[in-house]
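Contents: one structure, followed by commentary.
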Amino acid sequence: MSRKKQTLGEFIIENQTSFKYTSGELSRLINSIRLAAKVVNHEVNKAGLVDIIGAAGDTNIQGEDQQKLDVYANEKFIQTLTKRNIVCGIASEEEDDFIAINSQDENNQNKYIVLIDPLDGSSNIDVNVSVGTIFSIYRRVTPIGTPVTLEDFLQKGSEQVAAGYIVYGTSTMIVYTTGDGVNGFTLNPAIGTFYLSHPDMQFPVDGKIYSVNEGNYVHFPQGVKNYIKYCQMEEGDRPYTSRYIGSLVSDFHRNMIKGGIYMYPKSSKNSEGKLRLLYECNPMAFLAEQANGKASDGFTRIMEIKPTELHQRVPFLCGSKNMVEKAEEFMQNA
Ligand code: P6P
């Protein structure tokens, strides 16, 4: 008889003492993300059945066509986080500016801010390929009870208190860290409960999978080209396998389980890369490092980069430590 699997709710309660700050609020925050994840999951899973897919007709600050599910997911996460009165500020890929929550209430003692990519990989929605939500949580740095400012959001990734993702794949999972390792929880849709299915997730120190959009090869810096050719060379345990889903959360999740590297380098088309530092790279970097992996822009540790803008982009490499270090070697010696 297999041991009863712990639910996400039980796990949060059991582990909140290991969290170095006031634990109750963070637990409530993770719980509100869990609720929003279930609501969004329900819509993602039936996207093909109702007229909710397809462009919403608007574009976001990134200039990308907003998919209706992008808009829906953004609204649900913001509503849930606001309604539960847990956070004092939210920034989202789908919002031009950050949102101050209850900023007129000087009794608002909420100390956490959340940055979110509500539906990453949304171009995959219409073709039934997995997508994800990414979240990053900080404590505010401006005085409690005052409206949050941009300073609260432009913190280094090393200041994150929690980060994670939801992957809406063949099964729906929440994978997150509060700085004490990475744990994965799988949703049982029949009863709407997440169960601890992947305790203490770790990147294998090495791997054989490289994930990059090779369609951009001719536009990459020479060091990146040299690393890709290294991956393809018949030597030792190479050539590696190329796997690129076009959904960061899905590529990251597979590489964390099997071993591998994900790269979105800068190029002559994207001078700073495509991925956003605050709500894509920093949370994935926190997870990567907590899972014994590594994340950099090829030269600098992602979580050491001081943000200057809310929607700032950076080049991004993350995954198995040895693979990231080999790619950095090629990039730094080109
Ligand atoms: P490209 C999705 O838009 C995303 O932000 C990541 O999830 C994904 O890895 C990447 O962009 C795909 O971008 O340019 O290769 O299609």
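We count ligands from 1, going down the list as the structure has it; atoms in each ligand are counted the same way.
- Note: an N/O pair closer than 3.5 Å links Asp120 and ligand 1 by distance alone.
- By the 4.0 Å heavy-atom criterion, Gly246 is counted among the residues contacting ligand 1.
- A salt bridge does not link Lys156 with Glu159: every distance from a Lys NZ or Arg NE/NH1/NH2 to an Asp or Glu carboxylate oxygen is 4.0 Å or more.
- Close contacts between ligand 1 and Glu280 involve ligand atoms 5 (O) [criterion: under 4.0 Å to a heavy atom].
- In terms of protein heavy-atom proximity, atom 14 (O) of ligand 1 is nearest to Tyr264 OH, 2.6 Å.
- Using a 4.0 Å cut-off between a side-chain N of Lys or Arg and a carboxylate O of Asp or Glu, Glu25 and Arg28 do not qualify as a salt bridge.
- Only the side chain of Leu275 comes within 4.0 Å of ligand 1, counting heavy atoms alone; its backbone N, CA, C and O stay farther away.
- Where the criterion is an N or O separation shorter than 3.5 Å, residue side chain and backbone included, Tyr262 meets it with respect to ligand 1.
- Between Tyr230 and Phe330, the ring-plane angle classifies as tilted under the 30° and 60° cut-offs.
- Using a cut-off of 4.0 Å between Lys/Arg side-chain N and Asp/Glu carboxylate O, Lys294 and Glu289 are scored as not salt-bridged.
- Across the listed options Leu248, Ile245, Leu119, Leu248 owns the non-hydrogen atom lying nearest to atom 6 (C) of ligand 1.
- Counting heavy atoms from C-beta outward, Pro118 and Ser92 have side chains that approach closer than 4.5 Å.
- Between Tyr262 and Tyr244, the ring-plane angle classifies as parallel under the 30° and 60° cut-offs.
- Asn108 places a side-chain N or O within donor-acceptor distance of the main-chain N or O of Asn110, the cut-off being under 3.5 Å.
- Scanning the protein for heavy atoms near atom 11 (O) of ligand 1, the closest one is Lys274 NZ, 3.0 Å.
- Close approach of ligand 1 to Tyr244 (heavy-atom distance below 4.0 Å) involves ligand atoms 1 (P), 9 (O), 10 (C), 12 (C), 13 (O), 15 (O).
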